[in-house]
Amino acid sequence: MTVVTRFAPSPTGYLHIGGARTALFNWLYTRRLGGTFRLRIEDTDRARSTDDAIKLIIEGLKWLGLDWDGEVVMQFARAQRHAEVARQLLAEGKAYHCYCTAEELEEMRAKARAEGKPMRYDGRWRNRDPKDGVPNVPPVIRLKAPQTGETVIDDLVQGRVIVANDVLDDMVLLRGDGTPTYMLSVVVDDHDMDITYVIRGDDHLNNAFRQYQLYQACGWKVPLFAHVPLIHGPDGAKLSKRHGALGLEAYRDMGYLPETMRNYLLRLGWGHGDDEIISTDQAIQWFDIKDVGRNAARLDMAKLDNLNGHYIREADNARLTTLVAGRLKDVDPAGLARVERGMNGLKQRAKTIIELAENARFYTAKRPIPISAKAQALLTADGKALLAGVQPALAATDFSEPALEDAVRQFVEGFKVKLGQVAQPLRAALAGETTSPGIFEVMAVLGREEALGRIADAAGQA
RNA sequence: GUCCCCAUCGUCUAGAGGCCUAGGACACCAGCCUUUCACGUUGGUAACACGAGUUCGAAUCUCGUUGGGGACGCCA
């Protein structure tokens with residue numbers, strides 16, 4: 001059997017991290033088995049769906065590197081087909097018209113709650129004659145669901161889950177205005193798209209039972225279900241805007257790399273022994289639904305940072321320079337060239353692209369460069385004297401890293417001072433900060449003219 | 001309220017009855033490296049929610065309790 005999966009977000013907001021993980025799992029699974037991964041936008045909620053959200057979802061998936069097969073299916077465009085299925089069911093006696101008002105339904109729920117019973121529609125129109133229909137009230141179509149027995153789902157993640165049919169009610173398939181409900185749409189679309197594996201969030205587990213009944217009524221083959229646990233915020237509660245429930249693009253803007261997100265999201269709820277750093281190719285080979293855990297995971301930004309640091313260190317210098325360039329103001333090509341040349345030292349010290357850009361700023365600064373208060377404190381009279389002292393030695397070198405280091409070390413030996421006593425003022429003069437990449441690397445990257453100029457600027461300030 | 005799911009260090013997890021005096025990673029603490037900050041490296045603190053069973057033996061199986069989560073729409 002060929003594997004066909006789908007990611008089916010509703011465009012009522014951004015693509016959050018939980019959805020991104022669901023998409024990733026679907027994608028990994030099909031890529032491993034050589035199957036097909038489809039994208040379907042569930043835009044049947046006309047009031048809440050927006051084009052903006054659709055754009056964010058598609059851009060988010062592309063940024064994450066998850067490519068889908070075939071055309072994007074827009075669910076609302078298929079509403080006619082969905083409605084047809086509902087009418088067919090009605091014709092076959094497997095569904096019926098219901099004229100209940102919102103008030104009646106509200107009463108039912110209140111009553112059920114008061115009696116300690118499950119909140120469900122009581123099926124009062126299930127066996128009534130269609131001629132009893134209320135004039136001027138457009139009826140909904142409800143599924144005539146089994147009232148006894150139980151529905152069993154053998155979930156690939158959750159195992160066998162059984163629910164008694166009497167707690168499930170006759171769900172609405174077609175609304176009064178003739179538009180299909182989500183339950184109808186998903187089932188019809190998944191069937192029509194030949195989906196074999198429905199891999200989605202745990203919050204849909206309950207829906208799976210109702211959908212199963214609909215498949216049965218239609219006489220269709222039921223796909224395999226895999227309900228993956230949700231992602232919680234750091235406090236264990238639902239994801240909120242404060243932490244995590246941000247769009248994928250927010251993570252991009254916070255300076256995380258897509259490969260970081262793929263690796264991190266993969267490890268949330270899935271493991272492969274003691275492996276932590278897992279390349280996407282490796283993930284495709286290893287990923288299996290049966291290894292997905294059953295418990296919800298919390299977001300840990302510290303670990304995300306650590307992973308991102310790893311991937312930044314591994315990333316290509318030219319690529320990092322491009323990413324950084326977008327976040328730097330007033331950069332000229334020469335400055336950017338310095339950033340790229342200094343990237344080996346810079347990328348060692350950043351957890352995010354934002355941090356990388358901040359740390360790279362001194363390379364693009366124009367003389368006289370801004371000196372922070374802490375750095376200024378290093379430029380004491382002694383410090384300045386030492387700066388003035390080393391300058392000739394530096395000027396005499398070819399400005400290669402080893403030559404510069406050699407020159408400074410000889411100078412330090414001659415003057416009987418510690419390396420740090422010279423290095424720190426140099427750092428302040430060259431970077432304007434108390435921390436920076438190795439000072440010899442920095443000088444080599446800046447080049448003779450710029451480096452000596454910055455040193456002179458600092459030494460000269462009385 | 002009803003139904004469903006879950007439960008190993010602070011966090012992500014390994015663990016599918018003896019290999020567990022419970023392993024790894026992040027975070028944290030201490031040391032080393034060192035021109036700063038990082039990186040790297042060495043070591044340390046830290047967990048099987050609780051209670052009954054089953055078994056020669058349970059983190060692993062069963063039941064219960066507690067705790068957390070999800071779902072109960074003419075939303076998706």
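Lettering of chains follows the sequences in order, A, B, ..., and the numbering in each one begins at 1. Quick caveat: nothing in here was measured; it's all calculated off a predicted structure.
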Q. Which of these nucleotides, B/C4, B/U35, B/C5, is closest to any side-chain atom of A/D202?
A. B/C5
Q. What is the distance from atom CG of A/L323 to atom CZ of A/R319, rounded to the nearest 0.5 Å?
A. 6.0 Å
Q | Along RNA chain B (nearest heavy atom to each residue), the more 5'-positioned of A/L105 and A/R160 | A | A/R160
Q.
Please pick, from B/A71, B/C12, B/U35, the nucleotide with the shortest atom-to-atom distance to any side-chain atom of A/A423.
A. B/U35
Q. Got a donor-acceptor pair under 3.5 Å from the side chain of A/R294 to the base of B/C5?
A. no
Q: Whole angstrom is fine here: how far is it from CG in A/D169 over to P in B/C3?
A: 15 Å
**Q.** Neighbours of RNA chain B within residues 45-52 of chain A, by heavy-atom distance under 4.0 Å
**A.** A/D45, A/R48
Q: Could you tell me if the ring centre of A/W270 sits under 6.0 Å from that of A/F287?
A: yes
Q) Under 4.0 Å between a side-chain N/O of A/K374 and OP1 or OP2 of B/C37, yes or no? A) no
Q. Say you pick atom C1' in B/A14 and the same atom in B/U8; how far apart are they, in whole Å?
A. 10 Å
Q.
Given B/U35, B/G24, B/C39, identify the nucleotide with an atom nearest to the side chain of A/E276.
A. B/G24
Polar pairs (N or O, both sides) under 3.5 Å between protein and nucleotides 8-11 of chain B?
none

Q.
Are the side chains of A/D189 and A/H82 in contact, using a 4.5 Å heavy-atom criterion?
A. yes
Q: Report the distance from atom CZ of A/R109 to atom P of B/A71, rounded to the nearest whole Å.
A: 16 Å
Q: Using the C1' atoms only, state how far B/C37 lies from B/G70, rounded to an integer number of Å.
A: 45 Å
Q: For A/E441 and B/U34, give me the distance from atom CD to atom C1', rounded to whole Å.
A: 15 Å
(Q) Please determine whether a side-chain nitrogen or oxygen atom of A/T44 lies at a distance below 4.0 Å from atom OP1 or OP2 of B/A76. (A) yes
Q. Should B/C39 form a Watson-Crick or G-U wobble pair with both distances under 3.5 Å, which nucleotide is its partner?
A. none
Q. Got a donor-acceptor pair under 3.5 Å from the side chain of A/D43 to the base of B/A76?
A. no
Q | Complementary nucleotide for B/G67 - Watson-Crick or wobble, under 3.5 Å | A | B/C6
Q.
Applying the Watson-Crick and G-U wobble criteria at under 3.5 Å, what pairs with B/U21? Answer none if nothing qualifies.
A. none
Q) Who are the ring-ring contact (aromatic ring centres under 6.0 Å, His included) partners of A/H310, not counting sequence neighbours? A) none
Q: Specify the separation, in whole Å, of atom CE of A/M108 and atom P of B/G73.
A: 11 Å
Q) Touch check for A/P437, heavy atoms < 4.0 angstrom, all strands: base, sugar-phosphate only, or nothing? A) base
Distance-only criterion, 3.5 Å: show the donor-acceptor pairs between side-chain atoms of residues 408-415 of chain A and protein atoms not counting sequence neighbours.
unit_1 : atom_1 : unit_2 : atom_2 : d
A/R409 : NE     : A/E405 : OE2    : 2.9
A/R409 : NH2    : A/E405 : OE2    : 2.9

Q: Nearest 0.5 Å please: distance from the OG1 atom of A/T260 over to the NZ atom of A/K303.
A: 13.5 Å
Q) Going by number, which of residues 138-154 of chain A have a non-hydrogen atom under 4.0 Å from RNA chain B? A) A/V140, A/R142
Q: Would you mind listing every salt bridge (charged side-chain N to carboxylate O under 4.0 Å, His left out) that reaches into residues 101-115 of chain A, with sequence neighbours excluded?
A: A/E104-A/R124, A/E106-A/R109, A/K111-A/E115, A/E115-A/K117
Q: Please name all residues satisfying salt bridge (charged side-chain N to carboxylate O under 4.0 Å, His left out) with A/D190, sequence neighbours left out, ordered by chain then number.
A: A/R6, A/R40
Q: With sequence neighbours excluded, give me every side chain to side chain donor-acceptor pair (under 3.5 Å) pair touching residues 419-432 of chain A.
A: A/Q424-A/R427, A/R427-A/S436
Q. How far does the C1' atom of B/C28 sit from the matching atom of B/U21, given to the nearest Å?
A. 24 Å
Q) Rounding to the closest angstrom, what is the interatomic distance between B/G53 and B/G44 at atom P? A) 38 Å
**Q.** More than 12 heavy atoms of other groups within 6.0 Å of A/R46 CZ
**A.** yes
Q: Starting at atom CG of A/N359, determine the distance to atom C1' of B/C39, rounded to an integer number of angstrom.
A: 14 Å
Q: Please check the phosphate of B/C39 (OP1 and OP2 only) for any side-chain N or O of A/R349 closer than 4.0 Å.
A: no
Q | Nucleotide paired to B/U54 in any strand shown, Watson-Crick or G-U, under 3.5 Å | A | none
Q: Mind checking side chain to side chain contact (heavy atoms under 4.5 Å, CB included) for A/T435 and listing every partner two or more places apart, or none if nothing turns up?
A: none
Q.
Output the rounded distance in Å from NE2 (A/H82) to C1' (B/C74).
A. 16 Å
**Q.** Nearest-nucleotide 5' precedence on RNA chain B, A/G420 against A/L205
**A.** A/L205
Q) Rounding to a whole Å, what distance do you find between A/M171:CE and B/A76:C1'? A) 14 Å
Q. Closest to the A/R267 side chain: B/U36, B/G24, B/A76?
A. B/G24
Q) Got a donor-acceptor pair under 3.5 Å from the side chain of A/D274 to the base of B/G23? A) yes
(Q) Pairing check on B/C28: which nucleotide meets the Watson-Crick or G-U wobble criteria with it, both distances under 3.5 Å? (A) B/G44
Q: Give the rounded distance in Å between these two atoms: OH of A/Y182 and C1' of B/C72.
A: 14 Å
Q | Pairwise salt bridge (charged side-chain N to carboxylate O under 4.0 Å, His left out) hits with a residue in residues 350-359 of chain A, at least two apart | A | none
Q | Watson-Crick or G-U counterpart of B/A16, or none if no pair lies under 3.5 Å | A | none
Q. Mind checking the C1' distance from B/A49 to B/U42? Whole angstroms is fine.
A. 34 Å
(Q) So, using side chain to side chain contact (heavy atoms under 4.5 Å, CB included) as the criterion, who are the partners of A/Q348 when residues are at least two apart? (A) A/R313
Q) Listed by chain and number, what are the side chain to side chain contact (heavy atoms under 4.5 Å, CB included) partners of A/V222, not counting sequence neighbours? A) A/Y212, A/Y215, A/Q216, A/F225
